[in-house]
Amino acid sequence: MLKGIAASAGAAVAPLYHLEEPDLSVTRESGLDPAAQHQRYDQAAAQAIGELDALYEKARATDENVAQVFDIHRMMLEDPDLIDGIDALLDQGFNAEYAVRETADGLAAMFKAMEGDEYMQARAADVMDVGNRLIRVLKGIPDTAEFPDEPVIVAAVDLLPSQTVRLDKDKVAGFVTKLGSSTSHSVILARTLGIPCIVGMGEDYDKLPQSGLAAIDGSTGEVVPHPDEASQREFRRRREVFLADQAALEAYKDRKAVTKSGHRVLVCANIGGLDDIDAVIARGGGGVGLFRSEFVYLNSDSFPAEEAQFQIYKEVLARLAPRPVVVRTLDLGSDKQAPYFGIEGEENPAMGYRAIRICLKRPDIFRTQLRALLRASVYGKLNIMFPMITHVEQVLEIKTILAQVRQELDKEGVPYSQEVEYGIMIETPAAAVMADVLAKEVDFFSIGTNDLTQYTLAADRMNANISELFDSGHPAILRLIERTARAAHDAGIWVGICGESAANTALTAFYMSVGIDELSVSPASIPAVKRAVIECD
């Protein structure tokens, strides 16, 4: 048996099919006519946009959320960072293929370096997908691929979103890859399409045969080459169980999450932008428990103006009204960096100059975001959440700045809601230990179990060598969560969980036992979490 990272649930037994990739190697040529190379690039970009538009339309027939991936790729093609990098190399007389490869590789490396943020690291695959598309067009390689007529398990070193959607889903029984992340767009597509997927097999991938039958389980990461009859029966049984379970979950997505003893929980979604809103509504989300506002900054090549931010927050709130939306103020740092911030690299960015620490040292940036948020608050139910709190003095300083911003808006006659709630993330051991003091200063807590686990257990969640130590169900973490929940309720405020463990249904009963009021998960996980809550006595 071989192993990988369980990325998309389900099981399959089918022949292996290794996805062959075209030769996209690039040679470096210099001393060329810049005008001619610019023209070649412009023509390639126009063709690539046309292909992405066609992929978007094809994907829409399956799922609107799947189609959004190609809308994102189209925006990447028009991103100033990509265009400026390519233009600079073309102006120096380099060939267009080299300019694209160098620029795409540089941007992908920047995303991969964002330690501690799997979502941003996974965007590296999207950048490479866009770069490969441009190079393929420049080299005159057609966007076609022959595929077997029978269902197969597709094996690839890495799987890009454009490859995933181009395949006939009726002929794909599963995916296995050598590289990849469980949060990549390809994995999201696989989950949406209901296809089991295993990524990050590493050296085990090299042990796969070039052909023959294989059995996989996307829930456990198991891969069995040449399975015997007994193994085939077992994996087919797992597939039937999974399909029956998925069908049963549909009955839960629109139900209220209430335990048998009457404790009601709001099951919300974690989102990164406007593209996720439809999925929240479709999966029965009670609102948004975490809107990662840093993407507003990461998707901009300069400090986003108040008006630009206002329009984004306004749309999120209006489309989800009357559901509540918790917006986390910008959580940037040297591990999640927008170059125009000018933040120097750090040896230990997870514990460095990030999140609220930046906001309080750069109040001009902070006030701009707060003004935009408050202006948008009249369009829905807004809650504002501040990350990386370790000292009560930070909260008091935030409250002072908020009061000043409200006074400014009052003087200008700008309306804003008086019903906005202000809360903090409990993601450091310091905040959890001091929860009783902090609870007196805020309207709610949201526990970020990813960082809380990392900091408490001194285990980097991105380090594969110690992955077994990163355990959000560790008794120390559960004690901190219980302590935080008790402090919140003693102070009369509500408490939620927005870390990855909120979707771990093995922990749902514990969360209910300590009175957690909100669970915020990926949109796809909402029905399963609702069911777990409803089944709790």
Mind checking the [atom1]-[atom2] spacing from [X] to [Y]? Nearest 0.5 Å is all I need.
X: L370; Y: T329; atom1: CG; atom2: OG1; value: 7.0 Å
X: S472; Y: N450; atom1: OG; atom2: CG; value: 6.5 Å
X: L374; Y: I384; atom1: CG; atom2: CD1; value: 5.0 Å
X: I312; Y: K314; atom1: CD1; atom2: NZ; value: 13.0 Å
X: I497; Y: I447; atom1: CD1; atom2: CD1; value: 5.0 Å
X: T453; Y: L469; atom1: OG1; atom2: CG; value: 12.0 Å

List, one per line, each side-chain donor-acceptor pair under 3.5 Å for residues 527-537, sequence neighbours excluded.
| from | atom 1 | to | atom 2 | distance (Å) |
| --- | --- | --- | --- | --- |
| K530 | NZ | K253 | O | 2.7 |
| K530 | NZ | R255 | O | 3.0 |
| K530 | NZ | G284 | O | 2.7 |
| R531 | NH1 | D245 | OD1 | 2.7 |
| R531 | NH2 | D245 | OD1 | 2.8 |
| R531 | NH2 | D245 | OD2 | 3.2 |

Please assess D276 against R292 for the test salt bridge (charged side-chain N to carboxylate O under 4.0 Å, His left out), listing each intermediate value before the final yes or no.
CA-CA 11 Å; D276 299 324; R292 300 179 177 95; over 6 Å; no
Locate the shortest heavy-atom distance separating S520 from L290; write the atom from each residue and the value.
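Looking at all heavy atoms of both residues, the shortest contact is OG-N, 3.7 Å.
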Check for a donor-acceptor pair, side chain of S377 on one end and backbone N or O of S417 on the other, with a separation under 3.5 Å.
yes
Does K3 NZ have over 12 foreign heavy atoms under 6.0 Å away?
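Enclosed: over 12 neighbouring heavy atoms sit under 6.0 Å from NZ of K3.
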Give a yes or no on this: more than 12 heavy atoms of other residues, nucleotides or ligands lie within 6.0 Å of atom CZ of R239.
no
What pairs meet the salt bridge (Lys or Arg N to Asp or Glu O under 4.0 Å) rule with one or both residues in residues 372-393, with sequence neighbours excluded?
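Every salt bridge (Lys or Arg N to Asp or Glu O under 4.0 Å) pair that includes a residue of residues 372-393, provided the two are not neighbours, is E306-R375, E307-R375.
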Check whether any side-chain heavy atom of [X] sits under 4.5 Å from a side-chain heavy atom of [Y], and report yes or no.
X: D79; Y: M75; result: no
X: E518; Y: F444; result: no
X: M128; Y: D105; result: yes

With no hydrogens and no angle check, just 3.5 Å: does a side-chain donor-acceptor pair link S525 and S522?
yes
Any donor-acceptor N or O pair under 3.5 Å, side chains D410, Q407:
no
Please set out all donor-acceptor pairs under 3.5 angstrom arising from side-chain atoms of residues 419-429, sequence neighbours excluded.
| from | atom 1 | to | atom 2 | distance (Å) |
| --- | --- | --- | --- | --- |
| E421 | OE1 | W494 | NE1 | 2.9 |
| Y422 | OH | R406 | NH1 | 3.2 |
| E427 | OE2 | M388 | N | 2.5 |
| T428 | OG1 | I389 | O | 3.1 |
| T428 | OG1 | A431 | N | 3.1 |

Can you list everything that forms a side-chain hydrogen bond (donor to acceptor under 3.5 Å, both in side chains) with K399? Sequence neighbours excluded, please.
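For K399, the residues satisfying side-chain hydrogen bond (donor to acceptor under 3.5 Å, both in side chains) (neighbours in sequence not counted) are E441.
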Could you list the residues that satisfy salt bridge (Lys or Arg N to Asp or Glu O under 4.0 Å) with R283, not counting sequence neighbours?
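Scan of R283 (salt bridge (Lys or Arg N to Asp or Glu O under 4.0 Å), adjacent residues dropped) gives E250.
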Residue pairs fulfilling side-chain hydrogen bond (donor to acceptor under 3.5 Å, both in side chains) with at least one residue in residues 481-490, sequence neighbours excluded:
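Output for this query lists H489-D517.
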